[in-house]
Amino acid sequence: MAGEPHKVQVQIDRDLEEIIPSYLDNRRKDVLQLTDLLTKNDFAAMKVLGHRMKGTGAGYGLDAISQIGIALEQAAISQDSAALAPLIQELALYLEQLDIVYL
Amino acid sequence: MATASADHILIVDDDPDICTLVSRFFEKNGFRVSVVPDGKGLWNMLDQASVDLIVLDLMLPDEDGLVLCRNLRATSDLPVIILSARGEDVDRIIGLEMGADDYLPKPFHPRELLARVRSVLRRTRSTMQPEKTARTHNSNEENIAYHFAGWRLDVPTRQLYTPQEEKVFLSGSEFALLRIFLNYPNQVLTREQLLEYSASKESETYDRTIDMQVSRLRRRLREDSRTPELIKTVRGLGYVLSARVEKVGDHT
């Protein structure tokens with residue numbers, strides 16, 4: 001339907017249904033924190049957040065979060081502010097568009 | 001649902017999202033799970049409770065996980081699986097060299113971690129089984145010692161002695177591997193045979209793990225890795241224990 005926001009559908013194990021909402025809440029907090037850290041050029045803290053996302057995303061069935069985490073960690077190591085900003089936006093957009101189907 | 005007799009898994013990780021995920025998954029699959037965020041918590045937990053297996057992150061706030069792994073191996077033969085986002089080959093090799101029984105890089109699927117935990121527990125128990133049998137039933141079959149090149153491996157106590165009668169600590173997997181060599185002296189054993197005999201066939205253990213275990217065992221046997229005298233590499237084939245081995249039934 002025209003005007004309906006684009007959704008990214010992901011299928012996740014029903015065993016994880018109870019813990020997914022808090023995991024996603026934590027990633028939304030990461031978006032806010034990353035945005036703040038970017039203004040302070042705190043690359044070390046951004047590296048830690050990226051590293052953690054890399055480690056957890058796929059385990060929760062959200063491979064895209066691991067991929068964004070890998071890119072965030074690398075960009076933070078390189079202190080590449082120009083690359084970090086779009087990655088944070090990509091994470092925010094992904095969380096907004098995410099449509100989970102539990103199987 | 002976990003019962004009091006269920007295997008107790010200790011997760012050492014400072015990331016709450018990992019701890020929630022792993023705890024949840026393992027409890028649903030019948031394990032008891034405890035979580036600690038750092039090395040201090042690990043040692044406290046080991047003082048207070050009986051643990052069957054440790055899942056260890058490498059990047060901890062107070063101590064490097066590799067150092068913890070080495071210290072654990074020096075003081076116990078508790079199985080350790082490293083779960084780390086430091087997933088380069090060199091990290092994996094160092095982790096195994098430090099005495100970990102397995103290494104799973106993050107990101108990971110909890111089902112794969114579960115399979116690896118079950119595999120390591122199976123392997124550990126199959127190593128421990130002869131000892132338990134001997135203790136329970138006083139079986140003469142397992143009340144033996146192997147003598148080789150001046151060394152002695154005492155099976156009931158799983159203790160290795162140097163020719164100078166100094167005790168040498170062996171982990172569960174090192175004991176199992178040495179016993180395989182002692183049961184097949186002067187025969188070339190391929191990596192596949194070593195994997196099969198060590199009952200790890202079902203795990204995702206790869207050939208390189210055997211190489212790492214042989215390397216660790218050589219160090220226990222005080223071998224020079226460049227010119228080993230006891231466990232020799234047979235290029236393109238595997239390894240051979242080059243020694244006369246005597247099995248002694250009554251070693252007490």
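Sequence lines set the chain letters: A, B, ... in the order given, protein chains first and strands last, and positions in each chain run from 1.
In A:Q9, the CD atom is crowded: over 12 heavy atoms of neighbouring residues, nucleotides or ligands sit closer than 6.0 Å.
For chain B, the nearby part of A:S66 is the side chain; its heavy atoms alone come within less than 4.5 Å. With a 4.5 Å cut-off on non-hydrogen atoms, A:I70 does not touch chain B at all. B:D14 touches chain A through backbone and side chain together, each having a heavy atom under 4.5 Å away.
A:D15 approaches B:R24 most closely through the heavy-atom pair O-NE, 3.7 Å. Taking all atoms of both residues into account, the shortest heavy-atom contact from B:P110 to A:G59 is CD-O, 3.3 Å.
Side chains of A:R52 and B:P16 form a contact here, defined as non-hydrogen atoms less than 4.5 Å apart. Looking only at side-chain heavy atoms (C-beta outward), B:K106 and A:H51 stay at 4.5 Å or farther from each other.
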Checklist line | Residues A:D13, B:R111; criterion side-chain contact (heavy atoms from CB on, under 4.5 Å); working and verdict | finding: CA-CA 11 Å; A:D13 195 325; B:R111 285 192 197 285; 2.4 Å; yes
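With chain A as partner, the option from B:V22, B:I18, B:L21 having the largest number of non-hydrogen pairs under 4.5 angstrom is B:L21. Interface check for chain A: of the options B:L83, B:D57, B:T20, the most heavy-atom pairs under 4.5 Å are formed by B:T20.
With hydrogens and angles disregarded, a donor-acceptor distance shorter than 3.5 Å links the side chain of A:Y60 to the backbone of B:D17.
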